[in-house]
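Working notes, structure below.
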Amino acid sequence: MFKFQSFPRTATVFPALFKRTNHHQSLPQLQNATTIVETLTLLLKQRQKLSQISQIHARITTHGLSSNTSLVFAIVRCYISEKNLSFARTSFDRCLYPSLLLWNVIIQAYSKKQNCQESFNLFRQMLALEDGSRPDKYTFTFVITSCSQQNTPIYGDIIHALVIKFGCESDTFVCNSLLNLYSVFGKMEEARIVFEEMPQKDVVTWTSFLSGYTKHGKMDRAVELFNKMPERTEVSWTVMISGFVGMGMYTDAIHYFNCMLSDDTVKPNEAILVCVLSACAYLGALDQGKWIRSYVENIETLKSANISTALIDMYAKCGKIDCARSIFNGSSKRDVFTWTSMISALSMHGLGEDALRVFSQMSNEGIKPDDITLLGVLNGCSHSGLVEEGCSVFDKMESIWGISPMIQHYGCMVDLLGRAGQLERALEFVRRMPIEPDIVIWRALLSSCRIHRNVKLGEQIIDYISQSDPCGQGGGYVLLSNLYASLGRWDKVDGVRKQMNDKNIELRTGCSWIEVNGIVHKFVSADKLHPRITEIHQKLNQVLKKARTEGGYITNTNPVLFDLSNEEKEQAVSWHSEKLAVAFGLLSTHSGTPIMIVKNLRICDDCHSAMKAISRVFSREIIVRDRSRFHSFREGICSCKDYW
DNA sequence: TAACCAGCTG
């Protein structure tokens, strides 16, 4: 139960900073108390640097003015604008009777720092003071905003009650913050009540309500609301577009972006472009991505680290690693995200040595890596067979960079060792892991067993998983099916299928995308929806026939889950979405044009062999980006050197 | 005073 507690306002010990120093001589000579206050207030109103603020602060202290409301307010504001919240807090704590304005300023400062706990604590202190200030619309706006930045929904109901108690329930700013708070935590019924009862709604009201739907994947409701909005800002468009991206509805995201461009009232901002670039990256929509690059090149304010990061990611995921490098080399503003984006880009292209080089350059420039950076580095080592280099990075994670490995880092390590054929070492690594291995870890190990034909270990792992947790997570079922199928144990495959049916778990459908003349075409396995599907099927049959007779392609039916006849299996793998996409690519582009395909799952053995043969027979570069990395097929050889 | 965005193991 929530209780307001009394918080003693004890003065904190002043740091040594406030000792008298020679610098004081540069300040004007002060006469009497009024003059002192006026002079110091005037000085603080001019924008001062931190060292000067400290000098003035020292002077305030030596004159016994630490509790002077207007001076403390000025000094707190100065410290906050210099981003020194701890000095601001020290000054605040010295003030015995803070004004409402001072409370608001300090609460807002913690809110901006995303320190909800502290801004809420201060709010409670404020309420607990017997003769203290009463919160106003500003106080509520700041406190509610800080609560909405939390990970867990706390204090919402209490604050709503207090908003009513203190008569702020008709203020637009307060209600917008409340509406946003409910929206953030998906409490859409409460949000709706606030929305409907608001006497005056503005565009922020509508956008906050809209974000509740988009953040929680209710895109139908969001579209409905968006269509009703009397006015839209670039933030409203960002909310819609990022909602689509969050739900994996990338083509819708790009469609909305194009609609926004035809609406003259708003211009794309950084947030929108970053969202759209991530949609382009996912779809491999290079033309749309390039358009954004040329757009930002003419606008100085859009040349940011965030945009560079998104452009690097987009180019890399569209197969253009050299363009990604050129963005990186040309970007003057780089942060840890930009570096990580470049490292991950090189890693997914199988350029592990380059990724390590960039990582070392990053360290030399004094940029501290974070957990995702190291994931990128380890991933690069794993895809390039750099076993010892990867192990060395992993061993240094805690001691050098102070980063505790997460399950993802362990996953990379298992993959690194297993893929290189060091299965025993990988298994030992899993046994020694301080955290419980998840299905992904087992999957990495199993995938290595399959690559290195270690049926015995594969079966042991499968037995272990089945006993300990019969694939509590959906992905595990697919893994089991695939492995049993590759071992020809169709009775077991049937059993897994039955369990999946019983638990209503659906297989994730394989999809591939290909962009032709700026339009993204999507294919699912055994697609029937594409308008030119009959023509595509005919083309695919011809292509595969030629690949067999002239390219030495032999159908590998292992990836097929079910116990079908050989002929049926052959047909099942023939309709894989990436094969349909490549047939469409050959049908709709001029000879010699590279074909770029994006797949949502990993490419199967059979499609990998087929792509090699097709690249040779048709003299085409075929780039397939699968869930895990890039495969660039040229003249019958893949850039992954069959190491995947 | 309030609403929006990035790099991610198998």
Side-chain angles (χ1 to χ4, degrees), chain A residues 104-105 107-108 111-112 136-145 148 171-181 183-184 202-212 214-215 233-243 245-246 268-278 281 304-314 316-317 335-345 347-348 369-376 378-379 382-383 405-416 418-419 438-448 475-476 478-479 601-602 627-629:
Chain A
N104 286 347
V105 162
I107 289 173
Q108 185 194 27
S111 165
K112 282 194 170 159
D136 68 354
K137 57 186 183 174
Y138 292 93
T139 327
F140 279 116
T141 304
F142 303 142
V143 174
I144 297 168
T145 303
S148 64
D171 180 74
T172 307
F173 281 80
V174 173
C175 289
N176 283 347
S177 315
L178 256 183
L179 180 52
N180 186 54
L181 179 69
S183 293
V184 163
D202 62 11
V203 68
V204 179
T205 316
W206 284 86
T207 308
S208 298
F209 194 29
L210 183 73
S211 75
T214 60
K215 279 195 184 113
T233 61
E234 69 279 7
V235 181
S236 329
W237 285 96
T238 315
V239 166
M240 279 311 280
I241 293 170
S242 72
V245 171
N269 62 10
E270 185 191 276
I272 293 176
L273 296 173
V274 166
C275 281
V276 178
L277 281 171
S278 82
S304 65
N306 285 351
I307 293 279
S308 300
T309 304
L311 279 173
I312 291 166
D313 185 51
M314 181 279 294
K317 288 182 178 159
D335 59 13
V336 64
F337 292 94
T338 322
W339 286 91
T340 304
S341 184
M342 190 66 239
I343 291 169
S344 307
S347 297
M348 75 178 83
D370 66 10
D371 47 350
I372 313 290
T373 319
L374 296 177
L375 209 50
L378 292 176
N379 199 19
S382 149
H383 286 297
M406 305 179 299
I407 193 85
Q408 290 95 328
H409 298 97
Y410 287 103
C412 269
M413 287 304 288
V414 174
D415 189 51
L416 172 85
R419 205 189 279 268
D438 65 357
I439 196 69
V440 179
I441 300 273
W442 292 119
R443 191 176 188 164
L445 206 50
L446 274 168
S447 158
S448 306
V478 181
L479 167 73
L601 306 174
R602 293 203 69 173
R627 217 187 137 164
S628 149
R629 60 166 296 154

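Values below: every heavy atom of this structure, side chains too, minus hydrogens, waters and symmetry copies. Fair warning: this is a prediction, and the values are worked out from it, not measured in the lab. A note on names: the letters A, B, ... follow the listed sequences, proteins ahead of strands, and every chain is numbered from 1.
- A:Asp415 comes within 4.0 angstrom of sugar-phosphate atoms only, judged by non-hydrogen atoms across all strands, and of no base.
- Residue contacts shown for A:Ser211 are absent, as no nucleic acid heavy atom lies under 4.0 Å away.
- Residue contacts shown for A:Val204 include a base, since a base heavy atom lies under 4.0 Å away.
- Within 4.0 Å of A:Asp171, counting heavy atoms only, lies no atom of the nucleic acid at all.
- The residue A:Ser278 sits apart from the nucleic acid: no heavy atom pair falls under 4.0 Å.
- Under the rule for a side-chain contact (heavy atoms from CB on, under 4.5 Å), the partners of A:Ser628 that lie at least two apart in sequence or sit in another chain are A:His383, A:Arg602, A:Asp626.
- Contact annotation for A:Lys112: no contact, since no heavy-atom pair falls under 4.0 Å across all strands.
- First and last contacts of DNA chain B with chain A, using any nucleotide atom under 4.0 Å from a protein heavy atom and ordered 5' to 3', fall at B:dT1 to B:dG10.
- In this structure, a donor-acceptor pair under 3.5 Å is present between the side chains of A:Asp202 and A:Thr205.
- Nucleic acid contact class of A:Leu445 (heavy atoms, under 4.0 Å, all strands): none.
- For the residue pair A:Thr139 and A:Asp136, a side-chain donor N or O sits within less than 3.5 Å of a side-chain acceptor on the partner.
- Among the protein residues, A:Asn269 comes within range of the nucleic acid bases, having at least one heavy atom under 4.0 Å from a base atom.
- Contact annotation for A:Asp202: base contact, defined as any heavy-atom pair under 4.0 Å involving a base atom.
- Contacts of A:Ser382 with the nucleic acid, taken as non-hydrogen atoms under 4.0 Å apart, are absent.
- Looking at heavy-atom distances under 4.0 Å, A:Val414 makes no contact with the nucleic acid at all.
- Residue A:Phe142 is classed as a sugar-phosphate contact, given heavy-atom separations below 4.0 Å to backbone atoms only.
- With sequence neighbours left out, A:Phe142 forms a ring-ring contact (aromatic ring centres under 6.0 Å, His included) with no residue at all.
- Counting non-hydrogen atoms under 4.0 angstrom, A:Thr205 reaches nothing in the nucleic acid.
- Annotation: salt bridge (Lys or Arg N to Asp or Glu O under 4.0 Å) contacts of A:Arg629 (sequence neighbours excluded): none.
- For A:Thr207, the side-chain contact (heavy atoms from CB on, under 4.5 Å) criterion is met by A:Val203, A:Met229, A:Val235, A:Ser236, A:Val239, not counting sequence neighbours.
- Listed by chain and residue number, A:Glu270 satisfy the side chain to side chain donor-acceptor pair (under 3.5 Å) test with A:Asn306 (two or more places apart in sequence, or in another chain).
- Using a 4.0 Å heavy-atom criterion, one finds that A:Glu234 contacts no nucleic acid atom at all.
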